[in-house]
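To start, the structure under review is shown below, and the notes come after it.
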Amino acid sequence: MDHDVALLLIAGVAVFTGAVVQGGVGFGLGLVAAPLITLLDPSVMPGAVQVVNMAMPLFTLAREWRRAEWRGAGWALLGRLPGSAIGALVVVYVSTATLGVLVGVMVLVAVVLTARAVSVPRNGATLTAAGFGGPPIALVYQSARGPQIRATLALFFCVSAAQSLVILAVLDRLPGRALAAGAALVPFVVLGFAVSGPLRRYLDGGRVRTAVLAVAAVSACALLGQSLAH
């Protein structure tokens, strides 16, 4: 088998798995796929993952857009504006390992704190703060119903990923190879979303909050492990 084809298939399995998780929980594609893609070919990161991060929410929104909380997503995107700018500077000046440790610790602390509470206050302040960091927005919505979580996060992640791609392009950190790699992985996104239906139905039976906390905790631990190993 051609080497590039083998890498594509391995990365595709990670993207497929992440798409299944995100199709049910509302997030997780980038958290699952990014570490493996980085190991396989660091030169296409983070652009390739941002391409699939922008594509995946479109399928969720096509199905559940009526459940999106537009006001909440707006507050989160307001926080994402400075978050993306700082993230761009991090890509240029801070090592990936250092960033991974910081993000992993932040998410783990948030999981521990919110797991002990019945719910997280959902207002402009908490949503803007969560939007600054990206994934923590799922913790703010952990007590919402499954369709509302998925649709609102899809709106946020789609716009956020598009914003990140623009910033990477402005900084000349978005090579054509990264875009091509991301586009080649989109079919795995489609397949993962297509088979995520049973997981959605299972989680919507009152298990979404537990799933959100579990995915966030596992992802944070994996990110910490990978970053500390470098």
Which residues pass the side-chain contact (heavy atoms from CB on, under 4.5 Å) test with V190, sequence neighbours left out? F59, V186

If you measure only the distance, is there a donor-acceptor pair under 3.5 Å linking the side chains of R67 and Q148? no

Please answer: with hydrophobic residues joined when any side-chain heavy atoms are less than 4.5 Å apart, are L77 and L61 in the same cluster? no

Looking only at heavy atoms, what is the nearest atom pair of F193 and R200, with distance? CE1-NH1, 3.7 Å

Under 3.5 Å, is there a donor-acceptor pair between the T60 and R150 side chains? no

Is it possible for you to say whether L213 and V215 belong to one hydrophobic cluster, with membership spreading through side-chain heavy-atom contacts below 4.5 Å? yes

For the student: nearest non-hydrogen atoms of L127 and G72, plus distance: CD1-CA, 3.5 Å

Find out if a path of hydrophobic residues (ILVMFWY) with successive side-chain heavy-atom gaps under 4.5 Å connects V212 to L155. no

Kindly give the heavy-atom pair with the smallest separation between T152 and E69, and that separation in Å. OG1-N, 2.9 Å

Among V44, L179, L185, find the residue that satisfies the side-chain contact (heavy atoms from CB on, under 4.5 Å) test when tested with V51. L179

Taking all atoms of both residues into account, what is the closest heavy-atom pair of L174 and G47, and its distance? CD1-CA, 3.7 Å

Please list, one pair per line, the donor and acceptor atoms closer than 3.5 Å that link side chains of residues 9-37 to other protein atoms, with sequence neighbours excluded.
residue : atom : partner : partner atom : Å
T17     : OG1  : V13     : O            : 2.8
Q22     : OE1  : G28     : N            : 3.4
Q22     : OE1  : L29     : N            : 3.0

From I137 atom CD1 to Q142 atom CD, the distance as rounded to the nearest 0.5 Å: 12.5 Å

Among all residues two or more places apart in sequence or in another chain, which pass the side chain to side chain donor-acceptor pair (under 3.5 Å) test with D41? S43, R177

